[in-house]
J.: 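Please find one structure pasted underneath; my questions will follow.
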Amino acid sequence: MHKRVIALADLNNAFVSMERIFDPKLHGIPVVTASNNDSMIIARSYEAKALNIKMAQPYFQVKHLEKQGLVARSANFPLYANISNRFVSVLENFSNHVSQYSIDECFFILNQKEINGLESYGQLIKKTLLKHLALPAGIGISSSKTLSKCCNYAAKKYPATGGVVNIFGDEEKRKRLLKVIPVSEVWGCGKATTIKLNSIGITSALELANFNPSKARELFGINLFKTIKELNGNEVIEFEPDYSVSQSIIASRSLGEKTDDKTTLMSSIAAHISRATVKLRNQNSVSKTLSLSIQTSKHSKNDAHYFKQASFTFDYPTSDSTKLLKAASKLFNKIYQPNYRYSKTGIMLTNISSKKTVQNDMFFDQTESEKNKVLMSTIDQLNNRYGKGALKMGTESASKKWNSQSNWRSPNYTGSWDELAVVKC
DNA sequence: TCTGGGGTCCTAGGACCC
DNA sequence: TCTGGGGTCCTAGGACCC
């Protein structure tokens, strides 16, 4: 059976590398990127990893390392998204089939008969990313997504690989590679699966690859079955799922300060509705179900934990912020309890369908729908022209107290005319 | 004192129907 | 004096990913 060449490009320490493009001072020193509220570490430079800083570690635990030269940046997602698009563009020069998997990873298909060999083609791609975008990357090449993930693991872990690992069509290499990869590092094997696999004596990726697939299906479910097939070089996971239309849209934030003030909480919820519906309308979709959640910190030892979620299903799917806000307000009053120190609010839109395919029956108020459609597109246009948040719903502005901290945010170099990098020459 | 935000898919269990 | 079986739809929750 003919096999396709499935490659993966994965940016090294993506957010830190992206910050370094615009601030050369950050090279060669320990740098981390902090999540919203500057609370958690979501990217680390090699130097930061060497200081034993862990992924997802709370920042306050490593703050003392600032004395040893640690530098923090607040996450700047608009900037990262922009650079990510350029990353995809570069890869499109090398492959006609590029499928972006995450902000820093792309799968792509290569021609098996690549003239100078797949490995040197991989090196060329890596060099081009470094030259054009100043982004270091690892390249994995094999015949399945899961194997290419394994290749990438080795490309990063073993400098001798030169950052490119190609095992396409090489059975011996595949076995050697999988032998040195712990099963916990296999794409799709999380904590729970790893514990269960270890308990039946499977600790390496190779042992997993040799595990009976139907037995695995029975004990672990369909996903591990697929993983095993993929580890054996079979392309099972769909190459190009449609990422352009989300099936659920989430908007949530930790609050800058814990509070039980209803106005503040509702104001944060209104802002979530705004962001979520813009995204919904941009993909030409409507949603039938709104869920809302409020919660206190899971980690606080002194406070009682409270998490409550409620949802509402509309008679007709909608993308109208005002309708969603009204529903959110009702849900909020249903689940709100005073005297808790709330730390986070969130909403989720589900039951999403394309605007075109929605069928309305004779009771649907067409006039009102048209009126709101015009209002929504006006809001979107004004926000596009004058910047995000230029026009807001009343509730949104009622309180700013929930806004989160980001004290070390780099400028939005590529997304805002006011924040372009200044080059002196 | 201080622990993110955004997704996907699968599964189990309840409601309801015949 | 004894508790069908199969199907569908929905929801909540879990596991995983970055």
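The chains referred to below are lettered A, B, ... by the order of the sequence lines, with proteins before strands, and numbering in each begins at 1. Because the structure is a prediction, the values reported are computed rather than measured.
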J.: Between A:Phe77 and A:Gln247, which is nearer to the 5' end of DNA chain B once each is assigned its nearest nucleotide?
T.: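 Closest to the 5' end, via its nearest nucleotide, is A:Phe77.
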
J.: Assess A:Lys145 against A:Phe107: is NZ or CZ under 6.0 Å from the centre of the six-membered ring, and within 45 degrees of the ring's axis?
T.: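 Here A:Lys145 passes the 6.0 Å and 45° test against A:Phe107.
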
J.: Look at the side-chain N and O atoms of A:Arg275 and state whether any lies under 4.0 Å from the OP1 or OP2 oxygen of B:dG5.
T.: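 Negative; the distance criterion is not met.
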
J.: In this structure, how many angstroms lie between the P atom of B:dT8 and the CG atom of A:Asp242, rounded?
T.: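 It works out to 11 Å between those atoms.
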
J.: Quick check, are the ring centers of A:Tyr342 and A:Trp402 under 6.0 angstrom apart?
T.: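 Judged by ring-centre distance (under 6.0 Å), A:Tyr342 and A:Trp402 do not meet the cut-off.
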
J.: Between A:Ala327 and A:Phe314, which heavy-atom pair has the shortest distance, and what is it?
T.: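 Taking every non-hydrogen atom into account, CB-CZ, 3.6 Å.
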
J.: So, the side chain of A:Glu218 versus the backbone of A:Lys215: is there a donor-acceptor pair under 3.5 Å, distance only?
T.: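 Not a single qualifying donor-acceptor pair exists.
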
J.: How does protein contact run along nucleotides 10-15 of chain B, one letter per nucleotide 5' to 3', with B for base contact, S for sugar-phosphate only, - for none, heavy atoms under 4.0 Å?
T.: SS----

J.: Once you round it to whole Å, what is the distance between C1' of B:dC2 and CG of A:Asp38?
T.: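 Distance check: A:Asp38 CG to B:dC2 C1' gives 11 Å.
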
J.: Would you kindly give the CZ-to-P distance between A:Phe60 and B:dG4, to the nearest whole Å?
T.: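 After rounding, the gap between these two atoms is 11 Å.
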
J.: Expressed in angstrom and rounded to an integer, what is the separation of A:His272 atom NE2 from B:dG5 atom C1'?
T.: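 The distance from NE2 of A:His272 to C1' of B:dG5 comes to 11 Å, rounded to the nearest Å.
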
J.: Could you tell me how far apart A:Tyr80 (OH) and B:dG4 (P) are, to the nearest whole angstrom?
T.: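 So the two atoms are 17 Å apart, to the nearest Å.
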
J.: Under 4.0 angstrom, heavy atoms only, what part of the nucleic acid is A:Ser343 near: base, sugar-phosphate, or nothing?
T.: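 Since no nucleic acid heavy atom lies under 4.0 Å of A:Ser343, the category is nothing.
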
J.: Does the side chain of A:Asn36 get closer than 4.0 angstrom to OP1 or OP2 of B:dG5 through an N or O atom?
T.: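 For B:dG5, OP1/OP2 do have a side-chain N/O of A:Asn36 under 4.0 Å.
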
J.: Between A:Arg253 (CZ) and B:dT3 (C1'), how many Å, whole number?
T.: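 Result: 16 Å.
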
J.: Think A:Ser248 has a side-chain N or O under 4.0 angstrom from the OP1 or OP2 of B:dT8?
T.: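 Affirmative; the distance criterion is met.
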
J.: Here's a test of your reading of the structure: between A:Pro241 and A:Lys298, which maps to the more 5' nucleotide of DNA chain B?
T.: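 By nearest-heavy-atom nucleotide position, the 5'-most residue is A:Lys298.
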
J.: When you check the phosphate oxygens OP1 and OP2 of B:dG6, does a side-chain N or O of A:Ser246 lie under 4.0 Å from one of them?
T.: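 No, outside the criterion.
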
J.: Using a 3.5 Å cut-off and no angle test, enumerate the donor-acceptor pairs between side-chain atoms of residues 237-251 of chain A and protein atoms at least two apart in sequence or in another chain.
T.:
| unit_1 | atom_1 | unit_2 | atom_2 | d |
| --- | --- | --- | --- | --- |
| A:Asp242 | OD1 | A:Ser244 | N | 3.0 |
| A:Asp242 | OD1 | A:Ser244 | OG | 2.6 |

J.: Suppose you measure atom P in C:dC18 against the same atom in B:dT3; what distance do you get, rounded to whole Å?
T.: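 Their P atoms lie roughly 24 Å apart.
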
J.: Ring centroid separation for A:Trp187 and A:Tyr101, is it under 6.0 angstrom?
T.: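 Ring centres of A:Tyr101 and A:Trp187 closer than 6.0 Å.
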
J.: Has A:Ser297 got a side-chain N or O lying under 4.0 Å from the OP1 or OP2 atom of B:dC2?
T.: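 False: A:Ser297 side-chain N/O out of range (4.0 Å or more) of B:dC2 OP1/OP2.
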
J.: Step through it carefully: locate the ring centre of A:Phe225, locate the ring centre of A:Phe220, and say whether they are under 6.0 Å apart.
T.: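 Centroid separation for A:Phe225 and A:Phe220: 6.0 Å or greater.
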
J.: Only Watson-Crick and G-U wobble pairs, only distances under 3.5 Å, only runs of 3 or more: what stems does that leave for DNA chain C?
T.: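 If one scans DNA chain C for consecutive Watson-Crick or G-U pairs, the stems found are B:5-18 with C:5-18.
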
J.: In whole angstrom, what separates A:Met40's CE from B:dT3's P?
T.: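 Answer to the nearest Å: 10 Å.
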
J.: Taking only the side-chain nitrogens and oxygens of A:Lys344, find out if one of them lies under 4.0 Å from OP1 or OP2 of B:dT3.
T.: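 Answer no for this pair, as no side-chain N or O of A:Lys344 is under 4.0 Å from OP1 or OP2.
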
J.: For A:Arg20 and A:Glu47: C-alpha separation, side-chain torsions, deciding distance, then whether salt bridge (charged side-chain N to carboxylate O under 4.0 Å, His left out) applies.
T.: CA-CA 13 Å; A:Arg20 281 174 166 169; A:Glu47 299 81 4; 3.1 Å; yes

J.: Nearest to the side chain of A:Lys191 - C:dC16, B:dG6, B:dG4?
T.: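 Taking heavy atoms from C-beta onward, the closest nucleotide is C:dC16.
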
J.: For B:dG5 and A:Ser35 - does any side-chain N or O of the residue sit under 4.0 Å from the phosphate oxygens OP1/OP2?
T.: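 Indeed not, no polar side-chain atom of A:Ser35 lies that close.
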
J.: Under 4.0 Å from OP1 or OP2 of C:dC17: is there any side-chain N or O of A:Ser102 that close?
T.: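 No, because none of the side-chain N or O atoms of A:Ser102 sits under 4.0 Å from OP1 or OP2 of C:dC17.
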
J.: Measure the distance from NE2 on A:His299 to P on B:dT3 and round it to the nearest whole Å.
T.: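 It works out to 7 Å between those atoms.
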
J.: So, A:Ser144 side chain and A:Glu230 main chain: donor-acceptor pair closer than 3.5 Å or not?
T.: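 Answer holds: yes.
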
J.: Evaluate whether atom NZ of A:Lys173 has more than 12 neighbouring non-hydrogen atoms of other residues, nucleotides or ligands under 6.0 angstrom away.
T.: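 Yes, because the 6.0 Å sphere around NZ of A:Lys173 holds more than 12 heavy atoms from other groups.
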
